Visitor: 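Below is a structure I'd like to ask you about.
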Amino acid sequence: MKNLVEELKWRGLYHDSMPGTEEQLLKEVTSAYIGFDPTADSLHIGSMVQIILLVHLKNFGHQPVALVGGATGMIGDPSGKSDERNLLNEETLAKNVAGIKSVLSRFLDFNSNEPNGPIMVNNYDWMKEFSFIDFAREVGKRITVNYMMAKDSVKKRINGEGEGMSFTEFTYQLIQGYDFYHLYKNNNCLLQMGGSDQWGNITTGTELVRRMGGENAKAFALTTPLITKADGSKFGKSEGGNVWLDADKTSVYKFYQFWVNATDADAEKYIKIFTFLDKDTIETLIAEHQTAPHLRVLQKKLAEEITIFVHSKEELEKAIQASNILFGNSTADDLKKLDEKTFLEVFDGVPQAEIAKADLENGLEIITVLNEKTGFFKSNGEARRALTANSISVNRGKIKEDFVLTADDLINNQFVLLQSGKKNYFVIRVK
């Protein structure tokens, strides 16, 4: 077997592991799982590290198991939280579980017939029939309260962060621990992986496997570092909130822009973590970037690779096209290829005005459009001088004073893009 741990280390994807984990992964094909709790109906880029970890696992010949926490999602993981999570109702939970399954299926083929083909499971399937008394007898008996209290996620909450911890959240690590035992018993799963904040929950699982699985039972743990930006701030959010892996929540254009706008220091780190490019290729790219950082070679390659991985090559090309409208050379035809959502995102923050579609039936003289109808210019004289200077464009095409705006000029049957000089934009919305 190739050395997966060595690969994770140079990529910055390794934080810690239990003794014997690396040796186990080198010895034989190993089943390993990562849990995804359904707190929303999709996943955002904060979950990308764990998705990529499962893909690396598969590429190195091991078997990835993706666990969707239909049961644990009913409780909420206290790790890293200072307050109790709001409990989700069953309808919301079912919707979220379906959404997360859909996202994960884009990266791992759960219908594969390969010996190490990925598996997807839902812990609700084995927890739903487990009575409280049976759970207390079979699982609760195995782990002491002292052991559970020693976990950081518990200590922080009990020692003053937030309003303490309910019994419900206190039991979370036991339920997650039992998941590991169940997968060990039924799927021969020997390894649980997750972010470093999950270490306490994961090691409770390894402890349960050893105590419930018999004298030869073995279980391992591996964690990834929590990703931060170079300035120490939390990774995974843009100014507009979470960056999601579904295009209906975060457009491909905004997704692409998130990566292409990474700082040099972040791009150097992210290209190792979030792409599957080999070491030589990445080192060459970093060296090339350092000689001419203004060309942003690293950011562009990072954005290309991860946009293809999450969406598709076709969607990447559309995102690049949309980016070029603001930051490169583009034509009216390029503008017309944008859907409404992407058009509005590209020109987010640009001044807008509305005019009635009826006004365009007989055409509108451009001077009237530039001043009276939109206020883009303060006077007819100012608009006329700009036209004489050849600095006005409509939908990226230069125009003269005799130009008449008609319905034929509409983008998506509702927009017109005005431009004065290189950087002054104005959007007309036609209703």
Side-chain angles (χ1 to χ4, degrees), residues 1-34 45-66 107-108 116 118 190-199 202-203 220-236 258-260 262-293 295-310:
M1 306 294 294
K2 292 185 293 178
N3 195 325
L4 174 62
V5 172
E6 197 175 87
E7 176 82 6
L8 299 180
K9 281 179 177 176
W10 80 258
R11 287 188 178 276
L13 276 168
Y14 177 89
H15 182 262
D16 203 356
S17 64
M18 289 187 72
T21 302
E22 185 171 0
E23 292 76 5
Q24 172 60 36
L25 289 165
L26 283 168
K27 186 173 76 173
E28 61 189 354
V29 176
T30 303
S31 286
Y33 94 94
I34 293 176
I45 57 173
S47 298
M48 279 304 299
V49 168
Q50 305 311 323
I51 292 169
I52 280 171
L53 188 53
L54 287 175
V55 176
H56 276 303
L57 190 81
K58 173 74 172 64
N59 292 344
F60 274 68
H62 302 289
Q63 182 176 44
V65 179
F107 305 104
L108 295 159
N116 68 329
L190 300 182
L191 170 63
Q192 185 183 171
M193 306 184 294
S196 57
D197 61 334
Q198 288 295 308
W199 183 257
I202 294 173
T203 51
F220 302 96
L222 185 149
T223 56
T224 58
L226 296 179
I227 309 300
T228 55
K229 295 181 179 178
D231 63 7
S233 62
K234 190 175 180 182
F235 167 79
F258 174 84
W259 300 100
V260 97
T263 64
D264 290 349
D266 285 336
E268 201 168 308
K269 180 164 78 169
Y270 295 167
I271 201 155
K272 296 172 188 171
I273 294 170
F274 295 105
T275 77
F276 296 91
L277 298 170
D278 62 51
K279 197 172 187 178
D280 288 345
T281 303
I282 287 174
E283 285 174 353
T284 302
L285 280 166
I286 290 171
E288 187 183 340
H289 178 79
Q290 287 170 347
T291 59
L295 296 177
R296 300 182 73 76
V297 171
L298 214 49
Q299 285 90 338
K300 286 176 184 173
K301 187 63 176 173
L302 166 69
E304 283 173 18
E305 290 290 317
I306 196 158
T307 304
I308 290 170
F309 179 65
V310 172

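For this chain, numbers begin at 1 and follow the sequence in order. Worth saying up front: this structure is predicted, and the values here are computed from it rather than measured.
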Visitor: Is a side-chain donor or acceptor of H62 paired with a backbone partner of L57 at a separation under 3.5 angstrom?
Guide: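 Not confirmed, H62 side chain does not pair with L57 backbone.
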
Visitor: Determine, stepwise, if the pair L54 / F107 fulfils side chain to side chain contact (heavy atoms under 4.5 Å, CB included).
Guide: CA-CA 9 Å; L54 287 175; F107 305 104; over 6 Å; no

Visitor: With heavy-atom distances below 4.5 Å as the criterion, would you say the side chains of F220 and T30 are in contact?
Guide: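 They are not in contact (no side-chain heavy atoms under 4.5 Å apart), so the answer is no.
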
Visitor: Could you report the tightest heavy-atom contact between G12 and P225, atom names first, then the distance?
Guide: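 Minimum heavy-atom separation between G12 and P225: O-CG, 3.3 Å.
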
Visitor: One pair to check against side chain to side chain contact (heavy atoms under 4.5 Å, CB included): T223 and Y14. What are the steps and the verdict?
Guide: CA-CA 6 Å; T223 56; Y14 177 89; over 6 Å; no

Visitor: In Å and rounded to the nearest 0.5 Å, what is the CD to OG1 distance from Q192 to T21?
Guide: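 Reported value, rounded in 0.5 Å steps: 11.5 Å.
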
Visitor: Nearest 0.5 Å please: distance from the CD atom of E28 over to the CE atom of M1.
Guide: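 E28 atom CD to M1 atom CE measures 8.5 Å (nearest 0.5 Å).
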
Visitor: Is any NZ, NE, NH1 or NH2 atom of the basic residue among K301 and E305 found under 4.0 Å from an Asp or Glu carboxylate oxygen of the other?
Guide: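 The answer is yes: the pair qualifies as a salt bridge.
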
Visitor: Where do P64 and K58 come nearest, in terms of heavy atoms and distance?
Guide: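 That would be CG-CB, 3.8 Å.
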
Visitor: Before you tell me yes or no, could you show the steps for M48 and F309 under side chain to side chain contact (heavy atoms under 4.5 Å, CB included), namely the whole-Å CA-CA distance, both residues' side-chain angles and the distance that decides it to 0.1 Å?
Guide: CA-CA 11 Å; M48 279 304 299; F309 179 65; 3.5 Å; yes

Visitor: Looking at every non-hydrogen atom in both residues, tell me the closest pair between S196 and H15 and how far apart they are.
Guide: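 Scanning both residues completely, I find the closest heavy atoms to be CB-ND1, 3.5 Å.
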
Visitor: With a 3.5 Å distance limit and no angle check, can you tell me whether T228 reaches the backbone of L226 through a side-chain donor-acceptor pair?
Guide: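 Such a contact is absent between T228 side chain and L226 backbone.
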
Visitor: Please report the interatomic distance CD1(I273) to CG(L8), rounded to the nearest 0.5 Å.
Guide: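 One finds 11.0 Å between CD1 of I273 and CG of L8.
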
Visitor: Checking R11 now: which residues fulfil salt bridge (Lys or Arg N to Asp or Glu O under 4.0 Å) with it, not counting sequence neighbours?
Guide: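 Result, salt bridge (Lys or Arg N to Asp or Glu O under 4.0 Å) vs R11: E7.
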
Visitor: Side-chain contact, heavy-atom cut-off 4.5 Å: I306 with I45?
Guide: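 Not touching, per the 4.5 Å side-chain cut-off.
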
Visitor: Look up atom CE in M18 and atom OG1 in T203, then write down how far apart they are to the nearest 0.5 Å.
Guide: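 Here the rounded value is 7.0 Å.
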
Visitor: Any chance the side chains of Q50 and T224 put a donor and an acceptor closer than 3.5 Å?
Guide: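 Yes, T224 and Q50 have a side-chain donor paired with an acceptor closer than 3.5 Å.
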
Visitor: Once you round to the nearest 0.5 Å, how far does CD1 of I271 lie from CG of L285?
Guide: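 The CD1 atom of I271 sits 5.0 Å away from the CG atom of L285.
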
Visitor: What residues form a side-chain contact (heavy atoms from CB on, under 4.5 Å) with E22, not counting sequence neighbours?
Guide: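 E22 satisfies side-chain contact (heavy atoms from CB on, under 4.5 Å) with N3, V5, K9, L26 only.
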
Visitor: Could I get the full list of side-chain contact (heavy atoms from CB on, under 4.5 Å) partners for I286, not counting sequence neighbours?
Guide: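 Scan of I286 (side-chain contact (heavy atoms from CB on, under 4.5 Å), adjacent residues dropped) gives E268, K272, I282, Q290, L298.
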
Visitor: Under a 4.5 Å cut-off applied to non-hydrogen side-chain atoms, are L4 and H56 in contact?
Guide: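 In short, these two side chains touch, coming nearer than 4.5 Å.
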
Visitor: List the atom of A267, the atom of L302, and the distance in Å for their closest heavy-atom pair.
Guide: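 In terms of heavy atoms, the two residues are closest at CA-CD2, 4.3 Å.
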
Visitor: Given Q24 and L191, is the side chain to side chain contact (heavy atoms under 4.5 Å, CB included) satisfied, shown in steps?
Guide: CA-CA 9 Å; Q24 172 60 36; L191 170 63; over 6 Å; no

Visitor: Side-chain contact, heavy-atom cut-off 4.5 Å: D264 with Q299?
Guide: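 Yes - at least one pair of side-chain heavy atoms lies under 4.5 Å apart.
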
Visitor: Could you label the plane-to-plane angle of the W259 and Y270 rings as parallel, tilted or perpendicular, counting under 30° as parallel and over 60° as perpendicular?
Guide: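 Plane angle over 60°, so perpendicular.
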
